[in-house]
Amino acid sequence: MKAVGIIVEYNPFHNGHAFHLEASRKVTNADIVIAVMSGNFLQRGEPALVSKWYRTKMALLNGVDLVFELPYGFAVQKAETFANGAVSILDAVGCDYLCFGSESGDIDSFYRTIHYLNDEHEKYENNIKQFMNKGVSYPKALALSYQQLPNSKNVLDLSRPNNILGFHYIKAIIGQNSSIKPVTVARKNANYHDENFASETIASATSIRKAIFSDDKKINISQYVPEPTKKLLDEYVNHYGMFHHWENYWDYLQFRLIQASNEELQEVYEVEEGLENRMKAAAIQSTSFQEFMQKVKTKRYTWTRLQRLCVHILTNAQKMEMTKFTEKASYLRLLGMTTLGRDYLNQMKKHFSLPLVSKLSSFKGKEITFDINAARIYAMGLGGIQRQLMLKQEFIEPPIYIKK
């Protein structure tokens with residue numbers, strides 16, 4: 001079977017994702033769609049709206065055939081590391097294609113940009129250092145450095161979030177000497193960060209989450225998400241009594257920051273340049289996560305970077321261990337499959353280049369402990385018996401199977 005891979009978070013799955021999924025099948029003529037999906041904490045340093053198991057169900061009911069988890073050590077990371085981990089998994093399971101959405105919609109522009117930056121590498125790196133020395137955040141330094149290069153207007157716009165991810169996906173394919181063929185489809189209507197509904201049927205995940213957490217009960221997301229997504233969202237809130245967001249974890253983060261010594265915080269991944277002092281002071285003064293973030297944020301440290309750091313503090317992700325997650329994943333954590341996905345597994349798993357994990361107790365790899373720990377921390381956002389059930393779920397939940 002010909003397989004197309006996609007790299008997703010589905011927070012939650014919406015009509016724009018459905019468009020991308022259908023386009024991925026059509027443009028590649030693939031028989032099967034394989035998704036690599038972030039777990040309970042996401043690339044921008046946020047807890048997912050609903051658990052990875054519910055988001056896996058959304059994916060399978062809406063047309064994905066196989067879902068593998070992107071390990072925590074790659075998922076809660078900058079774009080380059082995120083891309084390396086995801087591409088290595090798609091390569092390991094035998095994907096013929098990787099299809100991603102982009103603002104560009106032109107795959108050749110990505111290759112031109114990669115060749116262009118290779119030619120201008122020295123100037124580019126020097127520009128980055130100069131902007132960083134002025135106190136500019138790393139993502140802003142990248143964008144400004146790129147704009148300073150000669151003829152940069154003739155290549156890809158790397159100020160756009162999906163172009164940036166696509167750029168790193170293709171770099172990962174080249175760097176890993178993968179045979180995957182990348183293709184891209186233009187994003188439809190809504191931009192990644194849009195907070196308001198941009199059309200009658202397509203909206204960004206950001207605007208959908210904003211509507212879900214809004215006090216305005218007149219806002220209805222039904223026209224922006226497929227029916228299976230709406231049903232699963234309703235089921236989740238009925239079962240667990242809430243959706244997840246950062247304020248659910250504020251008490252734990254505040255305790256960690258106040259209780260830990262400076263020396264202990266300095267060992268946490270991405271804590272540097274005295275950030276521990278600033279964060280401890282802000283934690284003492286703040287009554288909410290939102291207030292804390294506003295006190296900590298500076299020009300140098302973006303909201304996203306600080307959120308990722310907060311996740312690492314919650315999970316106590318140590319520098320010595322996290323720095324190992326830079327190039328390739330070391331296992332394949334299966335979250336779910338359809339009948340077609342199961343057929344593909346039976347046909348291809350003996351050719352997979354990484355060990356397949358469908359039951360935690362059968363896998364002894366140390367790296368997976370990050371996923372287990374993240375799942376336990378995620379469960380702490382719930383209360384009562386629901387917390388206890390989710391704490392156990394990581395070990396007792398088999399891969400989800402959707403018969404179709």
Side-chain angles (χ1 to χ4, degrees), residues 2-9 16-36 43 78-125 127-128 139-194 202 204 327-328:
K2 190 186 295 183
V4 59
I6 55 177
I7 300 167
V8 302
E9 292 193 313
H17 295 134
F19 170 80
H20 169 237
L21 193 55
E22 183 59 32
S24 297
R25 285 187 188 275
K26 189 173 181 180
V27 75
T28 62
N29 197 29
D31 304 299
I32 184 169
V33 178
I34 300 176
V36 174
Q43 198 261 336
K78 61 184 180 181
E80 182 178 6
T81 307
F82 178 90
N84 281 340
V87 166
S88 70
I89 290 172
L90 293 178
D91 186 66
V93 299
C95 284
D96 301 281
Y97 300 94
L98 162 60
C99 185
F100 60 90
S102 67
E103 292 85 4
S104 165
D106 172 27
I107 200 67
D108 290 336
S109 66
F110 287 88
Y111 282 102
R112 285 198 304 270
T113 304
I114 288 171
H115 295 315
Y116 171 74
L117 284 181
N118 284 339
D119 292 339
E120 302 288 347
H121 178 75
E122 190 173 340
K123 290 180 185 176
Y124 184 53
E125 293 296 325
N127 288 346
I128 292 171
K140 188 68 180 283
L142 292 181
L144 291 173
S145 303
Y146 183 68
Q147 292 166 15
Q148 293 282 316
L149 296 175
N151 302 316
S152 63
K153 292 181 180 179
N154 298 326
V155 285
L156 193 66
D157 180 358
L158 283 181
S159 68
R160 309 297 295 276
N162 291 281
N163 283 351
I164 293 170
L165 280 172
F167 173 80
H168 286 294
Y169 294 153
I170 296 178
K171 278 192 72 176
I173 288 171
I174 295 170
Q176 295 175 23
N177 197 27
S178 171
S179 61
I180 292 175
K181 181 179 179 180
V183 293
T184 188
V185 294
R187 280 182 65 87
K188 196 173 175 65
N189 295 337
N191 291 318
Y192 183 85
H193 296 300
D194 281 353
I202 302 290
S204 71
E327 295 181 4
K328 292 186 178 183

Stepwise, does the side-chain contact (heavy atoms from CB on, under 4.5 Å) test hold for Val185 with Ser24?
CA-CA 8 Å; Val185 294; Ser24 297; 5.6 Å; no
side-chain contact (heavy atoms from CB on, under 4.5 Å) between Tyr116 and Leu149, worked out
CA-CA 10 Å; Tyr116 171 74; Leu149 296 175; 3.1 Å; yes
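In terms of the side chain to side chain contact (heavy atoms under 4.5 Å, CB included) criterion, residue partners of Val8 (sequence neighbours excluded) are, by chain and number, Ile6, Tyr10, Ala35, Met37. For Ser88, the side chain to side chain contact (heavy atoms under 4.5 Å, CB included) test picks out Gln176, Lys328, Ala329, with sequence neighbours left out. Evaluation of the salt bridge (charged side-chain N to carboxylate O under 4.0 Å, His left out) rule for Asp106 yields Arg112 as partners, not counting sequence neighbours. Every side chain to side chain contact (heavy atoms under 4.5 Å, CB included) that Ala30 has, sequence neighbours left out, goes to Val4, Thr28. Scanning for side chain to side chain donor-acceptor pair (under 3.5 Å) contacts around Thr184 gives Ser102, with sequence neighbours left out. Legend: residues meeting side chain to side chain contact (heavy atoms under 4.5 Å, CB included) with Lys181, ordered by chain and number and at least two apart, are Tyr97.
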Donor-acceptor contacts, no H, no angles, side chain residues 163-170, under 3.5 Å, sequence neighbours left out:
residue, atom, partner, partner atom, Å
Asn163, OD1, Glu103, N, 3.2
Asn163, OD1, Ser104, N, 3.1
Asn163, ND2, Asp157, O, 2.9

Counting only pairs under 3.5 Å, give me each side-chain donor-acceptor contact of residues 89-96, with atom names and distances, residues two or more places apart or in other chains.
residue, atom, partner, partner atom, Å
Asp91, OD1, Ser178, OG, 2.7
Asp96, OD2, Ala3, N, 2.9

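A donor-acceptor pair is defined here as one N or O able to donate and one able to accept, closer than 3.5 Å; no such pair exists between the side chain of His115 and the backbone of Phe110.
Expressed to the nearest 0.5 Å, how far CZ of Arg187 lies from CZ of Phe19 amounts to 10.5 Å. With values rounded to the nearest 0.5 angstrom, Glu9 atom CD is found 8.5 Å from His17 atom NE2. We find the NZ-OG distance between Lys123 and Ser145 to be 13.5 Å, quoted to the nearest 0.5 Å. Taking CG of Asp119 as the reference point, atom CD1 of Ile114 lies at 12.0 Å (rounded to 0.5 Å).
The side-chain heavy atoms of Leu158 and Leu142, taken from C-beta on, include no pair separated by under 4.5 Å. In this structure, the side chains of Asn127 and Tyr146 stay at 4.5 Å or more apart for every pair of heavy atoms. Within the 4.5 Å cutoff, the side chain of Ile128 has no heavy atoms near those of the Leu144 side chain. Side-chain contact between Ile7 and Phe100 is absent, with no heavy-atom pair separated by less than 4.5 Å. When side chains are defined from C-beta on, Phe82 does not count as touching Lys78, because their heavy atoms never get closer than 4.5 Å. The closest side-chain heavy-atom distance from Ile173 to Leu98 is below 4.5 Å.
Atom CG of Asn118 has more than 12 heavy atoms from other residues, nucleotides or ligands within 6.0 Å. Annotation for Glu327: atom CD does not count as buried by contact number, only 12 or fewer foreign heavy atoms lying within 6.0 Å.
Shown here for Ala172 and Asn84, the closest heavy-atom pair between the two residues is CB-OD1, 3.3 Å. A pairwise comparison of heavy atoms in Asn29 and Lys2 identifies O-CD, 3.8 Å as the closest pair.
Among pairs with a residue in residues 19-34, those fulfilling salt bridge (Lys or Arg N to Asp or Glu O under 4.0 Å) read Arg25-Asp65, at least two apart in sequence or across chains.
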